[in-house]
Structure formats: C-alpha cells, structure tokens
Amino acid sequence: MFSPVEAFIGIRYIHASRGNHFIAFMSLTSIVATALSVAVLLTILSIMNGFEGELRERILGMASHIIVETDDKAVREWRPLVDAVARNPLIVGAAPFVSRDVLLSRHGIVRAVEVRGVVPELERRVTSVDAHMSKGRLIQLQPGSFRIVIGRELADAFGVSPGDTLTLIAPQPIVTPAGLLPRLKRFEVIGIFEFGLNEHDSGLGLIHLVDAQRLFRTGSGIDGVRAVVEDASLAPAVRGELTKLLRGLDMGFVGARDWTQMHRNLFRALKTEKIVMFSILAIAIGIAAFNIVSILVMAVIEKRPDIAMLGSLGMERGALMRVFLIQGGITGIVGVAVGLGVGVVLALNVGAIVTFFETVMGFKILSPEVYYISDIPSELRMPDLIVTAMLAGLLSVVAPLYPAWLAVSTVASEGLRHE
C-alpha cells in the first residue's frame, strides 16, 4: 500500500534537484510525447469516423436502408405491398421502384446508366434526393410526361441542362417484320442532383414510376419497395421481420436486403483500415512509454546512492519499487490526461481549425473542384475515447515496472561505495 513518504519521494524525483535539470527536462519531454501520441490517435480516429459517416450518409441518401425485392410479373398492385412494409413501427418511409439498366444517348455520346422509376411524393421519404437537387425539383416528374432527373457528372458528360432532351434506349427490342429494332424514347431533363458519389452522379437517372412501367412493360408491377428505418443500425433486425411477414402474403415477395449486406465489402474495408490505423498510431504511444522507461532508468542510475541510503535506513524493497512506480505512473498519467484533453478539443473543432489555416494560408486543403467534400468531417465516439485512454494508461503503468525492479536490485554497499 502506498504511503505519503513513497509518494513524496516519487513526486520529488520528477523535479530537478541539486542543480541537475536533465531528469526534469526528460520527464517533461516524456509527458509531451505521450500527450501528442494520444491526441493524434484520438483525432485521426475521429476524422476516420467522420469520413465513414459522411460516406454512409451519401450512400444511404439514395440507396435507402432496406430493399424488398419482388417479381414484377406477380405484383398486381403495389400500394398494398408498400402499406404492408410501412406498417412496421420502426420504418419511417417506404416507396416503390422499377429499375433497369439502359443506354442514354445525345449527339453521339452514349452512357450506360441505371434508370429508376419512382413516385416523387413517396421517394422523398426514403431518399434525400430533394436536398441534393442543384437544379429543378423531383416533384416535376409527372406521370406520362417522360421527364428525367440525372446526376451532375452525367449532365456534364452530355452537356445538358434542364430543358434539354436525352434519348433512352430500352433493353427490350421491338419485334418487326424487318427484324429486331431498339426501343427508343426521348426524355426531357428537368432536374440535376449532386450526391458527391460517382455511383449516383454519373450512373443514375430518375423517372416517374408510371413512365417506367410503360417503358419497360411491367404493367402495374414493380421491382420492389425501398424503406428507411428510424435508426440505420436496426435495419438487419427489421429486414428479418419484414421477411417473415411478407413470405406469408401473396404479393410476389422474392427477398429482402439491408444496407449492411449491399455495401458489406466497402464498410468492412473501412473498418479494417481503421483497425490498421489504430494499430500503427498505438505504436507511437508505445514509443512514448519507452521514453518513460529510459527516463526512469537514468533516474535510477543517478539516484543509486539515495536508493542505497534509503535501503540502509530500513526502507523495504517493495516501498522502493513503489517510489519509482509513482514517478513513472504520474509522468505517464499526466501525459495521457493532457493528450485526451487536447485530442477531444481537436476532434470537436478540427473543421474550424482547418478553416482557420485555410484562411491564413490562402488555399483550400480539400478543393471542392477536385474532391467531393470541401470540409474535413470529424466524429468523436466514446468507445474510441475509452479504448485510447485504457491503452495509453496501461502502457504508462507497465512502463515503470522494469526501472522499479532495477532500483530494488541496487546493493546498498555498491551504492554507497563512492559516497
């Protein structure tokens, strides 16, 4: 058990004595190194969380949380199916869709894209496309009008703006006496959206559901229903409930997928990257812990006469060990505490800090002309804070063990020989 004498001596050894400021300087260096490593680890993890959240928001902003797939030939009326999906208390919105891969053409430029038939009034409940419309409005899609909303990159590739037309080439050809002819339909561009993801901005077009059913000859059938859950993390559980419910209904149900299945590889890669980055930056904390070991070893060598004197006066070996455990523990814990404080401040204000440096230096770190985002996102999560604190604290406590053992191995006669 620690006593005031051991604590007093351990704290005193952190400061300079007898005009020797080297140990005090090295202690301060160790505190700074530990604080910097902890702060950098916490800040980087928060920035990676921010980028992951930003990516998830952009992907789910158009892809929704759950997709209920149906056989378009077996669905006689889509409204009962949408109502059945929306009855789940955790689902905040559901909307039907028809999706096909087609070709869009204009002035010799041809692009393969996904064209999705939607109901504008319901679509705004399951996607954030309205918030990402740079030109036009989704509500302008009217049944029978054959209008289309496309992504920014696709619009730039064709050089079109609202009011221009694109030719859609459907996959089902027309059978004529002269042979098979492609089915062509001209659509008017009435809106342009920009999500910041190439998958959407360069490869997706939205038309009205009625136009899609007529164009792709699905009758009143749909390809499925897209739903949004109030909490995205609950999507797998809700998907299971919907699967059990819809299997017992005669609505052409085929299967259901949630966003964790549709984008599993992407988010698994992000998680792996975060683990690797954490491991690499944790090494920096280990290096700072080695600084504590070096400082304490030098302190033991310098204080060998004092250690021998204390031993000869009757201080037990365990008490001598606790002196240096206190010295190293305080050095490490102060560094960890300072690092956590600095890391939290940086993680919560990294956007403002980056903006300040951009203003001072006169250029954008993430130029909006090159990158899809112009600000560095950051999301501080409590599990990251706890794991970082536990890892750094553990290393700070373990680091003084060897120097403390070295101190009690000092023989009193050897330590007093030159005194």
Side-chain angles (χ1 to χ4, degrees), residues 48-72 75 78-99 114 116-132 138 193 195-201 203-204 206 209 222-249 251-275 372 377 379-384:
M48 294 187 70
N49 292 335
F51 275 107
E52 180 183 351
E54 186 76 15
L55 182 61
R56 182 187 294 112
E57 179 182 351
R58 289 170 185 256
I59 290 177
L60 299 183
M62 184 59 81
S64 72
H65 297 162
I66 300 174
I67 294 182
V68 176
E69 299 173 330
T70 60
D71 181 357
D72 60 356
V75 178
W78 57 264
R79 295 186 185 277
L81 178 60
V82 172
D83 293 339
V85 173
R87 275 197 293 269
N88 189 294
L90 296 177
I91 290 180
V92 297
F97 73 94
V98 171
S99 178
E114 175 194 354
R116 186 182 299 167
V118 300
V119 179
E121 296 80 6
L122 299 178
E123 188 68 12
R124 60 178 56 184
R125 301 178 184 177
V126 298
T127 67
S128 58
V129 64
D130 268 345
H132 291 85
L138 188 65
F193 59 80
F195 271 87
L197 284 177
N198 181 266
E199 177 184 358
H200 301 327
D201 292 348
L204 180 64
L206 301 178
L209 179 66
I222 57 175
D223 290 338
V225 176
R226 291 160 51 240
V228 171
V229 185
E230 62 181 18
D231 184 353
S233 64
L234 299 176
V238 176
R239 173 184 57 81
E241 295 177 5
L242 289 177
T243 300
K244 294 178 181 179
L245 170 67
L246 297 176
R247 276 179 179 169
L249 302 177
M251 294 184 177
F253 174 73
V254 174
R257 296 179 296 158
D258 61 78
W259 68 273
T260 63
Q261 296 173 315
M262 293 182 285
H263 305 282
R264 177 181 302 171
N265 291 336
L266 174 61
F267 288 104
R268 182 180 295 173
L270 291 175
K271 183 178 181 180
T272 302
E273 183 181 3
K274 182 179 177 181
I275 293 174
Y372 289 119
E379 179 184 346
L380 179 63
R381 296 178 182 174
M382 186 57 64
D384 293 336

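The residues of the chain are indexed from 1 along the displayed sequence.
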[atom1]-[atom2] distance between [X] and [Y], expressed to the nearest 0.5 angstrom:
X: E230; Y: L90; atom1: CD; atom2: CG; result: 5.0 Å
X: L242; Y: R247; atom1: CG; atom2: CZ; result: 11.5 Å
X: E69; Y: I222; atom1: CD; atom2: CD1; result: 11.5 Å
X: D223; Y: L209; atom1: CG; atom2: CG; result: 9.5 Å
X: E52; Y: E273; atom1: CD; atom2: CD; result: 10.0 Å

Taking all non-hydrogen atoms of both residues, which atom of [X] and which atom of [Y] are closest, and how far apart?
X: V92; Y: V229; answer: CG2-C, 4.3 Å
X: S64; Y: V228; answer: CB-CG2, 4.2 Å
X: E121; Y: R124; answer: O-CG, 3.4 Å
X: I66; Y: R239; answer: CD1-N, 3.8 Å
X: A227; Y: V126; answer: CA-CG1, 4.3 Å
X: A94; Y: V82; answer: O-CG1, 3.8 Å

Should [X] and [Y] count as side-chain neighbours, where that means a heavy-atom distance under 4.5 Å?
X: H65; Y: D258; value: no
X: L204; Y: F195; value: no
X: P96; Y: L81; value: no

*Is the closest basic N to carboxylate O distance between K274 and D384 below 4.0 Å?*
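Yes, charged N to carboxylate O under 4.0 Å.
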*Could R226 and E123 be called an ion pair, given the rule that one side-chain N must be under 4.0 Å from one carboxylate O?*
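The answer is yes: the pair qualifies as a salt bridge.
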*Evaluation steps, side chain to side chain contact (heavy atoms under 4.5 Å, CB included), between V225 and W78*: CA-CA 9 Å; V225 176; W78 57 264; over 6 Å; no
*Listed partners of T70 passing side-chain hydrogen bond (donor to acceptor under 3.5 Å, both in side chains), at least two apart*: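 T70 satisfies side-chain hydrogen bond (donor to acceptor under 3.5 Å, both in side chains) with no other residue.
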_If we check side chain to side chain contact (heavy atoms under 4.5 Å, CB included) with V238, which of these qualifies: T243, I91, V85, D231?_
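Testing V238 for a side chain to side chain contact (heavy atoms under 4.5 Å, CB included) against T243, I91, V85, D231 leaves exactly one candidate, I91.
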_Of all pairs that satisfy side-chain hydrogen bond (donor to acceptor under 3.5 Å, both in side chains), the ones with a partner from residues 79-94, not counting sequence neighbours_ =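 Sorted result for residues 79-94: N88-E241.
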*asked:* Treating W259 as the side-chain partner and A232 as the backbone partner, does any N or O pair qualify as donor plus acceptor under 3.5 Å?
replied: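 Yes, because the side chain of W259 sits within donor-acceptor range (under 3.5 Å) of the backbone of A232.
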*For this output row, return yes or no: ring centroids of H132 and F193 closer than 6.0 angstrom.*
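That pair fails the under 6.0 Å test.
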